[in-house]
Protein chains: 2
Amino acid sequence: MPKWAYIQCVPRAATTSDVFNAIAEPRRRQIIDVLGHSGEMPVGELVLAVGLTQPAVSKHLSVLREVGVVAVERRGRERVYRLNGEGLKTVHDWVSVFERYWSNQLNRIKQRSESLARTSKGAPRNEKGTP
Amino acid sequence: MPKWAYIQCVPRAATTSDVFNAIAEPRRRQIIDVLGHSGEMPVGELVLAVGLTQPAVSKHLSVLREVGVVAVERRGRERVYRLNGEGLKTVHDWVSVFERYWSNQLNRIKQRSESLARTSKGAPRNEKGTP
DNA sequence: TGAATATATGCCCATTTTGGCATATGTCAA
DNA sequence: TTGACATATGCCAAAATGGGCATATATTCA
């Protein structure tokens, strides 16, 4: 592929409103962890749990809510958050595809031979349309 | 928890050099996907595959390499990248904890009852040390 | 050696993100 | 109604990020 042809590039990649982005933040993962094993929790307690200011926590919760990883319920003057674990299924499904890479030695060997087969005979890394 | 006490906050959360952050980028996931089912690929072909400029792709590969999700091998004047799927195990392990949320109805019911039990009797959302 | 190819880097800019503070909004109690 | 409590939002600053272009750094070939 000599000439690069500098392909027209899309303006920008969408980053927000994406589960992968939501869990990229250590603090948000922490919140998810806490909610995951405590069932539910109002903002106030989450603030104490993660050690951030209340506004900061609220913002993280907002992000998590937008991507559907948590759900809120107004209870009195509190806002009780609970984990909606199903929102993480997307991530799980995506990584699970690569499970063969670490599952066990047998599978690792199998995967390697598959790879070799692809590279030498059948379809040697031919994503684009070079015949 | 009446008074907020505005806890001293850490300067900033580390975002880079973290697998979760690496896969937060759609483009990087795309690269991972491509490498995942093609075995290996030199930068040039990846450029065509993802439709970005060569420098951009190189930078993404750099990030993926730093977190150990891909590995490089110099072959002639090419740099052949391959997926090191084991680097994704961290992510898999983390999300798998929440598998009970979507696996099947039985587990979902089980999980709900567990949650109820925790909330009413045993340890009702008591993360901090309030006795 | 010199040209062409293949990648990586440096620099620059626009955008995004996180966190803090102040404050608005909503809720309960007296 | 007034005041205390619980959260969400707006605004600002610091930092990071992604992408493009130009260019440095190999590496192969004539």
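Within every chain, numbering begins at 1; the chains are lettered A, B, ... in the order of the sequence lines, protein sequences first and strands thereafter.
If you take CD of B:Glu73 and P of C:dA8, they are 14 Å apart, rounded to a whole angstrom. To the nearest angstrom, P of C:dT16 lies 21 Å from CZ of A:Phe20. Atom-to-atom, CG of A:Leu48 to P of D:dA6 comes out at 11 Å; the value is rounded to the nearest Å. Between the CZ atom of B:Arg27 and the C1' atom of D:dG20 there is a distance of 13 Å, rounded to whole Å. Across the protein-nucleic acid pair, B:Gln54 atom CD and D:dG19 atom C1' stand 13 Å apart, rounded to whole Å. One can place CD of A:Glu45 at 14 Å from C1' of D:dT7, the figure rounded to the nearest angstrom. We find that CD1 of B:Ile31 is positioned 11 Å from P of D:dG18, with the value rounded to whole Å. In this structure, B:Gln30 atom CD and D:dG19 atom P are separated by 11 Å, rounded to whole Å.
Side chain of B:Ser62 to main chain of B:Ser58: no donor-acceptor pair is present (N/O by atom type, distance under 3.5 Å, no hydrogens or angles).
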Report each atom pair, protein N/O against N/O of nucleotides 26-30 of chain C, whose distance is under 3.5 angstrom.
{"from": "C:dG26", "atom 1": "O3'", "to": "A:Arg74", "atom 2": "NH2", "distance (Å)": "3.1"}
{"from": "C:dT27", "atom 1": "OP1", "to": "A:Arg74", "atom 2": "NH2", "distance (Å)": "3.4"}

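Contact between the side-chain N/O atoms of A:His60 and the OP1/OP2 oxygens of C:dG19 is found at a separation under 4.0 Å. An OP1 or OP2 oxygen of D:dG20 is reached within less than 4.0 angstrom by a side-chain nitrogen or oxygen of B:Thr53. Put simply, A:Tyr81 has a side-chain N or O that comes within less than 4.0 Å of OP1 or OP2 on D:dA8.
Note: B:Phe98 and B:Tyr101 have tilted aromatic rings, judged against thresholds of 30 and 60 degrees for the angle between ring planes.
Listed candidates were C:dA8, D:dT17, D:dT9. Nearest to the side chain of B:Val43 is C:dA8. Counting only heavy atoms from C-beta on, A:Leu52 has its side chain closest to C:dG19 among D:dG18, D:dA8, C:dG19. Residue A:Pro42 has its side chain nearest to D:dT7 when only D:dT7, C:dT18, C:dA8 are considered. Taking the side chain of A:Ser58 as heavy atoms from C-beta on, and the options D:dG20, D:dA8, C:dT18, the nearest nucleotide is D:dA8. Among the nucleotides C:dT18, C:dT7, D:dG19, the one closest to the side chain of B:Lys59 is D:dG19.
Contact check for A:Pro42 versus A:Arg79: no side-chain heavy atoms found under the 4.5 Å cut-off.
A salt bridge links B:Arg75 with B:Glu40; the closest basic N to acidic carboxylate O contact falls under 4.0 Å.
Taken from CG in B:Leu46 to CD in B:Gln30, the straight-line distance is 9.5 Å, to the nearest 0.5 Å. With values rounded to the nearest 0.5 angstrom, A:Glu45 atom CD is found 10.5 Å from A:Leu35 atom CG.
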Test side chain to side chain donor-acceptor pair (under 3.5 Å) on B:Arg27 and B:His60 and set out the steps. CA-CA 8 Å; B:Arg27 263 36 208 275; B:His60 282 310; over 6 Å; no
